[in-house]
Number of protein chains: 2
Amino acid sequence: MFSKACEYGIKACIFIAEQSVNNRRVSLKEVASSIDSPEAYTSKILQHLCQNNIVRSDKGPLGGFSIPAPILSHLRLSNIVYLIDGDDIYKGCGLGLKRCNEKLPCPVHNKFKVIRSELKEMLESTTILSLVDKLHNGLTFLKR
Amino acid sequence: MFSKACEYGIKACIFIAEQSVNNRRVSLKEVASSIDSPEAYTSKILQHLCQNNIVRSDKGPLGGFSIPAPILSHLRLSNIVYLIDGDDIYKGCGLGLKRCNEKLPCPVHNKFKVIRSELKEMLESTTILSLVDKLHNGLTFLKR
DNA sequence: ATAATAATGGATATTTTTGTCTTTTTTTTA
DNA sequence: TAAAAAAAAGACAAAAATATCCATTATTAT
Ligand code: FES
Ligand code: FES
């Protein structure tokens, strides 16, 4: 469904967000070990998220990653997925035609567009904060 | 959503099925050009489908690919997707945890499982024959 | 039997995705 | 001001997915 990079990106954001809620910055090491991802690869993904103002980073001792409250209050799954995996999952044809097109639809178009728009709706309506809550209460997990 | 191989596999099956309904066998060349896919790669995918009795092949002049009526009458999208892409789309965790697990769910589990089961339901309920009909009536397309 | 046709099978190549390693830059504390 | 800590950046490596090539096998028609 999502690329590995995107999966790591989502998990990293949820973890960093949880810590940010408690005013803690986290290092790359902490992120990678908390979400069970390869450190250097995770670093690239975090860089990408930082360059696009989804995550904030501070260098030096006491530095680390965080998500500022004003960003966190708006951040949704869709922002992360769109940044990392692009809009294929929203707009792409299920059978890989150049463009999904009502006028020249592929055979699965009508069935596929329903699923696709439900996925879109789900990603756009799910806030990272809502996921943080459940994680914080020990109801969900980022590893295993 | 699906791999390229799976997209080609689905399109190939729909095209071959359409021809089989009219008692025509089709060559690899015809398949590849009709669905706009790389010939040799498509060959591998068709081999895979043949080995698993989803498509039939006959060698020699007059040979080619076909889908026998008894198979076509049962064939659904899910059969093709499951064969080529496996069950990740049905059972896999949206965040890539080892196994999707009600007891140890990831943060997106509850939202994700809804989409996933709708996709599953759609794939399992959609017959290739129903897609052939629309293609045949010029309502849908396999290229562009 | 022979030639022609069409799929098969195996090896190889390319591209994309995923993952690693090393050096540089920035910031903080001593 | 020097040392340590942490991310940034760039080059490189490995693995997986996608794609191509060529020789072989099976079938049909002549
Ligand atoms: S044209 Fe294929 S999904 Fe719309
Ligand atoms: S545990 Fe992640 S989708 Fe079920």
Side-chain angles (χ1 to χ4, degrees), chain A residues 1-12 15-16 19-20 24-67 81 83-86 88-89 92 95-96, chain B residues 1-12 15-16 19-20 24-67 81 83-86 88-89 92 95-96:
Chain A
M1 185 76 84
F2 308 121
S3 67
K4 274 291 170 196
C6 191
E7 289 177 3
Y8 295 150
I10 293 170
K11 287 194 275 194
F15 175 72
I16 296 168
Q19 300 299 307
S20 285
R24 279 196 293 268
R25 282 178 189 162
V26 286
S27 69
L28 172 61
K29 265 194 210 315
E30 290 176 84
V31 174
S33 84
S34 301
I35 71 175
D36 203 18
S37 66
E39 207 173 299
Y41 193 46
T42 306
S43 165
K44 299 298 180 197
I45 296 160
L46 288 174
Q47 270 180 58
H48 191 196
L49 289 164
C50 288
Q51 283 155 0
N52 289 273
N53 300 306
I54 287 176
V55 167
R56 163 178 168 164
S57 77
D58 294 275
K59 287 182 170 182
L62 298 200
F65 298 95
S66 59
I67 303 183
V81 171
L83 178 69
I84 301 180
D85 278 354
D88 239 47
I89 212 159
L95 295 186
Chain B
M1 184 77 83
F2 308 122
S3 67
K4 273 289 169 199
C6 190
E7 289 177 2
Y8 296 150
I10 293 170
K11 287 193 276 195
F15 174 71
I16 296 168
Q19 300 299 306
S20 287
R24 280 197 293 267
R25 280 177 190 163
V26 286
S27 69
L28 172 61
K29 264 194 210 318
E30 292 176 82
V31 174
S33 84
S34 301
I35 70 175
D36 202 18
S37 67
E39 207 173 298
Y41 192 47
T42 306
S43 166
K44 298 298 180 197
I45 295 160
L46 287 174
Q47 271 181 56
H48 192 196
L49 289 163
C50 289
Q51 283 155 0
N52 289 273
N53 301 307
I54 287 177
V55 167
R56 163 179 166 163
S57 76
D58 293 277
K59 287 183 172 182
L62 302 200
F65 297 95
S66 59
I67 303 183
V81 172
L83 178 69
I84 301 180
D85 278 355
D88 238 48
I89 213 160
L95 295 186

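Predicted, not measured: the structure shown is a model, and the values here were computed from it. Lettering follows sequence order; numbering is per chain, from 1.
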message: For a quick check of understanding: with a heavy-atom distance under 4.0 Å over all strands, which category does A/V26 fall into, base, sugar-phosphate or nothing?
response: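 Sugar-phosphate contact only.
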Taking [atom1] from [X] and [atom2] from [N], how many angstroms apart are they, rounded to a whole number?
X     : N      : atom1 : atom2 : answer
B/K4  : D/dT20 : NZ    : P     : 13 Å
A/K11 : C/dT18 : NZ    : P     : 13 Å
A/D88 : C/dT16 : CG    : P     : 14 Å
A/D36 : C/dG19 : CG    : C1'   : 14 Å
A/R25 : D/dA7  : CZ    : C1'   : 12 Å
B/D58 : D/dT25 : CG    : C1'   : 14 Å
A/Y41 : D/dA13 : OH    : P     : 18 Å
B/H48 : C/dG9  : NE2   : C1'   : 15 Å

Looking at [options], which one has an atom nearest to any side-chain atom of [X]?
X     : options                : value
B/P61 : C/dA6, C/dT5, D/dA7    : C/dT5
A/S3  : D/dT18, C/dT29, C/dT18 : C/dT18
A/A40 : D/dA19, D/dA8, C/dT20  : C/dT20
B/A5  : D/dA4, D/dA7, D/dT18   : D/dT18
B/K59 : D/dT18, D/dA7, D/dT27  : D/dT27
B/L62 : C/dG19, C/dA7, D/dT28  : D/dT28

Does [X] place a side-chain N or O at less than 4.0 Å from the phosphate oxygens OP1/OP2 of [N]?
X     : N      : result
A/Y8  : C/dG19 : yes
B/S57 : C/dT8  : yes
B/Q51 : C/dG9  : yes
A/Q47 : D/dA9  : yes

Dot-bracket notation for DNA chain D, counting Watson-Crick and G-U pairs under 3.5 Å, with | for partners on another strand: ||||||||||||||||||||||||||||||
Any side-chain heavy atom of [X] within less than 4.5 Å of one from [Y]?
X     : Y     : result
A/I89 : A/F2  : yes
B/T42 : B/L46 : yes
A/I16 : A/L49 : no
A/E7  : A/M1  : no
B/S43 : B/Q47 : yes

message: Is it the case that the side chain of A/S3 and the backbone of A/D85 share a donor-acceptor pair, with hydrogens and angles ignored and the cut-off at 3.5 Å?
response: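 Here the side-chain-to-backbone pair does not exist.
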- prompt: To the nearest 0.5 Å, what is the distance between OG (B/S33) and CZ (B/F15)?
  reply: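 Answer rounded to 0.5 Å: 7.0 Å.
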message: Working to the nearest 0.5 angstrom, can you tell me the gap between A/E30 CD and A/L28 CG?
response: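 Here the rounded value is 10.0 Å.
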- request: Tell me which of A/G63 and A/K44 sits closer to the 5' end of DNA chain C, going by the nucleotide each one is nearest to.
  value: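 With A/G63 and A/K44 compared, the 5'-side residue is A/K44.
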